[in-house]
J.: 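Let me give you the structure first, and then I'll get to my questions.
Note that the structure is predicted; figures quoted are calculated from it, not measured. We name chains A, B, ... by the order of the sequence lines, and we start the count at 1 in each one.
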Number of protein chains: 2
Amino acid sequence: MLSNRVKELRARYGFTQSELGKQVDVTRQTIAFIEKGEFSPSITLALKLAKVLKVEVGDLFWLEEE
Amino acid sequence: MLSNRVKELRARYGFTQSELGKQVDVTRQTIAFIEKGEFSPSITLALKLAKVLKVEVGDLFWLEEE
DNA sequence: TTGAAATGTTAGGTTTACATTACATAATGT
DNA sequence: ACATTATGTAATGTAAACCTAACATTTCAA
């Protein structure tokens, strides 16, 4: 099961979903879906998000047991 | 543009494409496509590959300029 | 208190990741 | 020489990622 800290880190930087989406070239709905864990983004998008949020990809997304 | 070291690391461990695919639950064709850079896998698959190949996701897949 | 901005959410459509099947070739061992 | 295994590659199908558009609700500044 995939978990992530996108919402938490986005808040830390004070970005709106729209702003973050624009920085990584996706819509705010896509950001919302990712924050809710409703789908597993591509590694390309994950890498862009990690760069903008200044963390390692593995610290932004990780797999949990179960 | 997305780059990766899957083929190199797979060789290091002596895995065939089939064996690696089986360990991360995809077909050998999917591994072949990824090695050729023909698509950007999901972060879930990228995390599984990084785990099996014993590297950080960011050291297995990265974005290059251009 | 009003209105804009941010978020939640849903519906319908396009694109792409990934599966299945199949065939061809190269490499290896018997 | 033959069989087996690994790889390359291509066709077709499906599921999921991602888009646009829309409307409702919450939040927050004026």
J.: Heavy atoms from C-beta onward define the side chain here; which of D:dC18, D:dT7, C:dT9 lies closest to that of B:Thr16?
T.: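 Selected nucleotide (nearest to the side chain): D:dT7.
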J.: In whole Å, what is the span from the CD atom of B:Glu38 to the P atom of D:dA11?
T.: 12 Å
J.: Within less than 4.0 Å of OP1 or OP2 of D:dT9, is there a side-chain N or O belonging to B:Lys36?
T.: yes
J.: Name the nucleic acid region contacted by A:Thr27, choosing base, sugar-phosphate or nothing; use a 4.0 angstrom heavy-atom cut-off, strictly under.
T.: base
J.: If you only use heavy atoms from C-beta on, which nucleotide in C:dA17, D:dC18, D:dA10 is closest to the side chain of B:Ser40?
T.: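 Nearest to the side chain of B:Ser40 among the choices is C:dA17.
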J.: Using only side-chain N and O atoms of A:Gln17, determine if any of them is under 4.0 Å from OP1 or OP2 of C:dG8.
T.: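 For C:dG8, OP1 or OP2 has a side-chain N or O of A:Gln17 closer than 4.0 Å.
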J.: Tell me: CD of A:Glu19 to C1' of C:dA5, nearest whole Å?
T.: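 The distance from CD of A:Glu19 to C1' of C:dA5 comes to 11 Å, rounded to the nearest Å.
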J.: Whether the side chain of A:Glu19 engages the backbone of A:Thr16 through a donor-acceptor N/O pair (distance < 3.5 Å, no angle test) should be reported.
T.: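 Flag set: sc A:Glu19 to bb A:Thr16 pair under 3.5 Å.
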J.: Among the nucleotides D:dC18, C:dC18, C:dT9, which one has an atom lying closest to any side-chain atom of A:Leu45?
T.: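 Closest nucleotide to the A:Leu45 side chain: D:dC18.
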J.: Could you report the tightest heavy-atom contact between B:Pro41 and B:Leu2, atom names first, then the distance?
T.: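 What the structure gives for the nearest pair is CD-CD2, 4.3 Å.
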J.: For the pair B:Asn4 (side chain) and B:Ile34 (backbone), establish whether a donor and an acceptor sit closer than 3.5 Å, ignoring hydrogens and angles.
T.: yes
J.: Locate the shortest heavy-atom distance separating B:Val52 from B:Phe15; write the atom from each residue and the value.
T.: CG1-CE1, 4.0 Å
J.: Kindly determine whether B:Ile31 and B:Leu49 satisfy side-chain contact (heavy atoms from CB on, under 4.5 Å), including the steps that lead there.
T.: CA-CA 10 Å; B:Ile31 300 296; B:Leu49 286 168; 4.2 Å; yes
J.: Determine: side-chain N/O of A:Lys7 to OP1/OP2 of C:dT7, distance under 4.0 Å, yes or no.
T.: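 Looking at the OP1 and OP2 atoms of C:dT7, neither is under 4.0 Å from any side-chain N or O of A:Lys7.
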J.: Grab the CZ-P distance between A:Phe61 and D:dA17 for me, whole Å please.
T.: 12 Å
J.: With heavy atoms under 4.0 Å as the rule, sort A:Phe33 into base, sugar-phosphate or nothing.
T.: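 Base contact.
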J.: Do you know which two heavy atoms are closest between B:Phe61 and A:Ile43, and how far apart they sit?
T.: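 Smallest heavy-atom distance, with atoms named: CB-CG1, 3.7 Å.
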J.: Find the distance A:Ile31:CD1 to C:dA6:P and express it as a whole number of Å.
T.: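 Distance check: A:Ile31 CD1 to C:dA6 P gives 15 Å.
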J.: Starting from P on C:dT20, measure out to CG on B:Asp25 and report it in whole angstrom.
T.: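 Taking atom P of C:dT20 as the reference, CG of B:Asp25 is at 11 Å.
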J.: How bent is the helix from C:dT1-D:dA30 to C:dT30-D:dA1, measuring the angle between the end axes built from five pairs each, rounded to 10°?
T.: 40°
J.: Quick check for you: among D:dT7, C:dC18, C:dT10, whose closest atom lies nearest to any side-chain atom of B:Pro41?
T.: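 Nearest nucleotide to the side chain: C:dC18.
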J.: In whole Å, what is the span from the NZ atom of B:Lys48 to the P atom of C:dA17?
T.: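 Distance, rounded to whole Å: 17 Å.
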J.: So which one's nearest nucleotide on DNA chain C is more toward 5', B:Arg28 or B:Ser42?
T.: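 Its nearest nucleotide being more 5', the pick is B:Ser42.
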J.: Out of the candidates B:Arg5, B:Lys7, B:Gln17, only one should pair with B:Glu35 under the side-chain hydrogen bond (donor to acceptor under 3.5 Å, both in side chains) rule; please name it.
T.: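 The option that passes is B:Gln17.
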J.: Between C:dT20 atom P and B:Lys22 atom NZ, what is the distance in whole Å?
T.: 13 Å
J.: Which of these nucleotides, C:dT20, C:dC18, C:dT10, is closest to any side-chain atom of A:Gln29?
T.: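 Looking only at side-chain atoms, A:Gln29 lies closest to C:dT10.
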J.: Taking the nucleotide of DNA chain D with the nearest heavy atom to each, does B:Phe15 or A:Ile34 sit closer to the 5' end?
T.: B:Phe15
J.: Whether the side chain of A:Ser40 engages the backbone of B:Thr44 through a donor-acceptor N/O pair (distance < 3.5 Å, no angle test) should be reported.
T.: yes
J.: C:dA17 P sits how many Å from A:Leu2 CG, rounded?
T.: 17 Å
